[in-house]
There are 2 protein chains.
Amino acid sequence: MSGGHPPEGASHAHQETTDPAVLAHDVATRLAAVGQRLTATRRAIVEALAAADRPLSIPEILSSGAGLAQSSVYRNLAVLERAGVVARVITMDEWARFELSEELTGHHHHLVCSKCGAVDDVRIPDDVEADLDRALEILAVRAGFLLQHHRLDLVGVCRACR
Amino acid sequence: MSGGHPPEGASHAHQETTDPAVLAHDVATRLAAVGQRLTATRRAIVEALAAADRPLSIPEILSSGAGLAQSSVYRNLAVLERAGVVARVITMDEWARFELSEELTGHHHHLVCSKCGAVDDVRIPDDVEADLDRALEILAVRAGFLLQHHRLDLVGVCRACR
DNA sequence: ATGAGTGCAAAGGCTTTGCATTAGG
DNA sequence: CCTAATGCAAAGCCTTTGCACTCAT
């Protein structure tokens, strides 16, 4: 898994950062906004997450980057999360997983393998997304709920486990 | 929150168990299918979950039922999960949460409060659900993914936190 | 120099497991 | 009686925190 993401679905409104340099600048800006700097460790974490087209667990981040201390990764992920650079992905199956925030990468969803726990990214067509948002907003209002965003995961069996 | 669920959305295909006696029988059957009995502890857990219209955390289950041992709750939740009676709800914010499986209660989604972490149930209209399923199936096939089901959470601020 | 960031190690907190006891067939 | 479930307590495991050291400004 993680090798085959769908053929670049639709393009989104706030376009994702693809260029490494642009990404770094964007990240630095967001960090500065909360009074933090882009350090070597933080850069390494961001690059690891950017390189993967799926959410990574702490162990994965630790092994990908060179010699990062576990505590530093945890601490910096917290900082990056506050800065809106990374987002914690809910999985609950094993470890916490992290990915670059949707403001940086664009809105997307996850393919979660119920056998091996692998998580991959997917984008759904804009029109489906729009219809869904419209319906959810109605429900939210009805429930006295101030809707911020939604999470949609596709649970099933990945190519590798079939 | 948790007080106000939407006015009984649409009815679903495999209808949910509402009657306590029917529920107990259904649970017993499912347990028997995996070689397990419906014990007092298990009954207490199921009743606690059935009474709430939202996923409960272990502490909540412990306080609701009378004098249950923590380890028993954990162990029996695992058994009930294997039997397809309860499902673990992903939250990752604090504790694991559990609810009766959708085979028992019907397909639904969650309203997750980003401020207080409360989780409540919601059902979305059948037609929206159908459209969504259709779109997701296409994506899944395209990704070589065998789609089993989806998870959809509405994240926002609940009535109590606004 | 001076405060932020880093690393190692120890502590925390939810969850799991071992083992003796008790309940059910 | 004999297997299965329960409860208490201890162990596990991911995550967080304390503290001294290092780096950048």
Side-chain angles (χ1 to χ4, degrees), chain A residues 24 27-49 55-83 85-99 117 119, chain B residues 24 27-49 55-83 85-99 117 119:
Chain A
V27 169
T29 303
R30 287 169 185 274
L31 281 169
V34 294
Q36 297 287 330
R37 294 179 299 126
L38 177 54
T39 67
T41 305
R42 287 167 195 170
R43 187 186 300 271
I45 293 174
V46 169
E47 281 173 0
L49 294 177
L56 298 181
S57 62
I58 275 80
E60 287 175 325
I61 296 174
L62 283 171
S63 51
S64 70
L68 296 174
Q70 191 184 46
S71 60
S72 286
V73 172
Y74 275 105
R75 256 191 293 241
N76 284 305
L77 280 171
V79 171
L80 291 167
E81 195 175 8
R82 274 198 301 280
V85 172
V86 310
R88 184 182 299 253
V89 175
I90 40 73
T91 307
M92 182 102 284
D93 300 305
E94 35 185 300
W95 294 284
R97 284 178 179 278
F98 295 84
E99 64 183 3
V119 181
Chain B
V27 169
T29 303
R30 287 170 185 273
L31 281 169
V34 294
Q36 299 287 331
R37 297 178 296 122
L38 177 54
T39 66
T41 304
R42 288 167 195 169
R43 186 187 300 271
I45 293 174
V46 169
E47 283 174 359
L49 294 177
L56 298 181
S57 62
I58 275 82
E60 288 175 324
I61 296 173
L62 283 171
S63 50
S64 69
L68 296 174
Q70 191 185 46
S71 60
S72 286
V73 172
Y74 275 104
R75 255 192 293 242
N76 284 305
L77 280 171
V79 171
L80 291 167
E81 195 175 8
R82 273 199 301 279
V85 173
V86 309
R88 184 182 300 251
V89 175
I90 40 72
T91 308
M92 184 100 282
D93 301 304
E94 36 185 299
W95 293 285
R97 283 178 179 278
F98 295 83
E99 64 183 4
V119 181

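Naming convention: chains lettered A, B, ... in sequence-line order (proteins, then strands); numbering from 1 in each chain. Just so it is clear, the structure is predicted and the values come from calculations on it, not from any experiment.
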Colleague: Whole-Å distance between dG7(D) P and Ile58(B) CD1?
Modeller: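 After rounding, the reported distance stands at 16 Å.
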Colleague: With heavy-atom distances below 4.5 Å as the criterion, would you say the side chains of Glu81(A) and Val86(A) are in contact?
Modeller: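 In short, these two side chains touch, coming nearer than 4.5 Å.
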Colleague: Among residues 27-40 of chain A, which ones have heavy-atom contacts with DNA chain C below 4.0 Å?
Modeller: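 Contacting residues: Gln36(A), Arg37(A), Thr39(A).
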Colleague: Can you measure Arg43(A) atom CZ to dA24(D) atom C1' for me and round it to whole angstrom units?
Modeller: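 So the CZ-C1' distance, Arg43(A) to dA24(D), works out to 14 Å.
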Colleague: Look for any protein N or O under 3.5 Å of an N or O in nucleotides 8-13 of chain C and output each such pair with its distance, or none.
Modeller:
{"residue": "dC8(C)", "atom": "N4", "partner": "Ser71(A)", "partner atom": "OG", "Å": "2.8"}

Colleague: Between atom CD1 in Ile61(B) and atom C1' in dC14(C), what is the gap in whole Å?
Modeller: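 Nearest whole value for this atom pair: 14 Å.
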Colleague: What pairs with Ala83(A) under side chain to side chain contact (heavy atoms under 4.5 Å, CB included), at least two apart in sequence or on another chain?
Modeller: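 For Ala83(A) the side chain to side chain contact (heavy atoms under 4.5 Å, CB included) partners, ignoring immediate neighbours, are Leu31(A), Val34(A), Val85(A).
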Colleague: Whole angstroms only, please: what is the CG-P distance between Leu80(A) and dA4(C)?
Modeller: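 One finds 17 Å between P of dA4(C) and CG of Leu80(A), rounded.
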Colleague: Which residues pass the side chain to side chain contact (heavy atoms under 4.5 Å, CB included) test with Thr41(B), sequence neighbours left out?
Modeller: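 By the side chain to side chain contact (heavy atoms under 4.5 Å, CB included) rule, Thr41(B) matches Thr39(B), Ile45(B), Leu68(B), Ser72(B), Asn76(B).
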Colleague: Go through the structure and list residues passing side chain to side chain contact (heavy atoms under 4.5 Å, CB included) with Ser71(B), not counting sequence neighbours.
Modeller: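 Counting only residues at least two positions away or on another chain, Ser71(B) forms a side chain to side chain contact (heavy atoms under 4.5 Å, CB included) with Ala69(B), Arg75(B).
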Colleague: Scan residues 28-40 of chain B for pairs that pass salt bridge (charged side-chain N to carboxylate O under 4.0 Å, His left out), counting only residues two or more places apart or in two chains.
Modeller: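 Those involving residues 28-40 of chain B are Asp26(B)-Arg30(B), Arg30(B)-Glu103(B).
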Colleague: Closest approach of Ala24(B) and Leu38(B), non-hydrogen atoms and distance?
Modeller: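 Closest approach of Ala24(B) to Leu38(B), heavy atoms only: O-CD2, 3.7 Å.
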Colleague: Taking only residues two or more places apart in sequence or in another chain, which ones pass salt bridge (Lys or Arg N to Asp or Glu O under 4.0 Å) with Glu60(A)?
Modeller: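 Once residues adjacent in sequence are excluded, the partners of Glu60(A) under the salt bridge (Lys or Arg N to Asp or Glu O under 4.0 Å) criterion are Arg54(A), Arg97(A).
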Colleague: Within less than 4.0 Å of OP1 or OP2 of dT15(D), is there a side-chain N or O belonging to Tyr74(A)?
Modeller: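 Yes, within the criterion.
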Colleague: Would you mind reading off the distance between Leu62(B) atom CG and dC8(D) atom P, rounded to a whole angstrom?
Modeller: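 For the pair Leu62(B) CG and dC8(D) P, the rounded distance is 11 Å.
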Colleague: Taking only side-chain N and O atoms of Asn76(A), does any of them lie within less than 4.0 angstrom of OP1 or OP2 on dG5(C)?
Modeller: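 Answer no for this pair, as no side-chain N or O of Asn76(A) is under 4.0 Å from OP1 or OP2.
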Colleague: Pairs in or reaching into residues 38-47 of chain A: which pass salt bridge (charged side-chain N to carboxylate O under 4.0 Å, His left out), with residues at least two apart or in two chains?
Modeller: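 Sorted pair list comes back empty.
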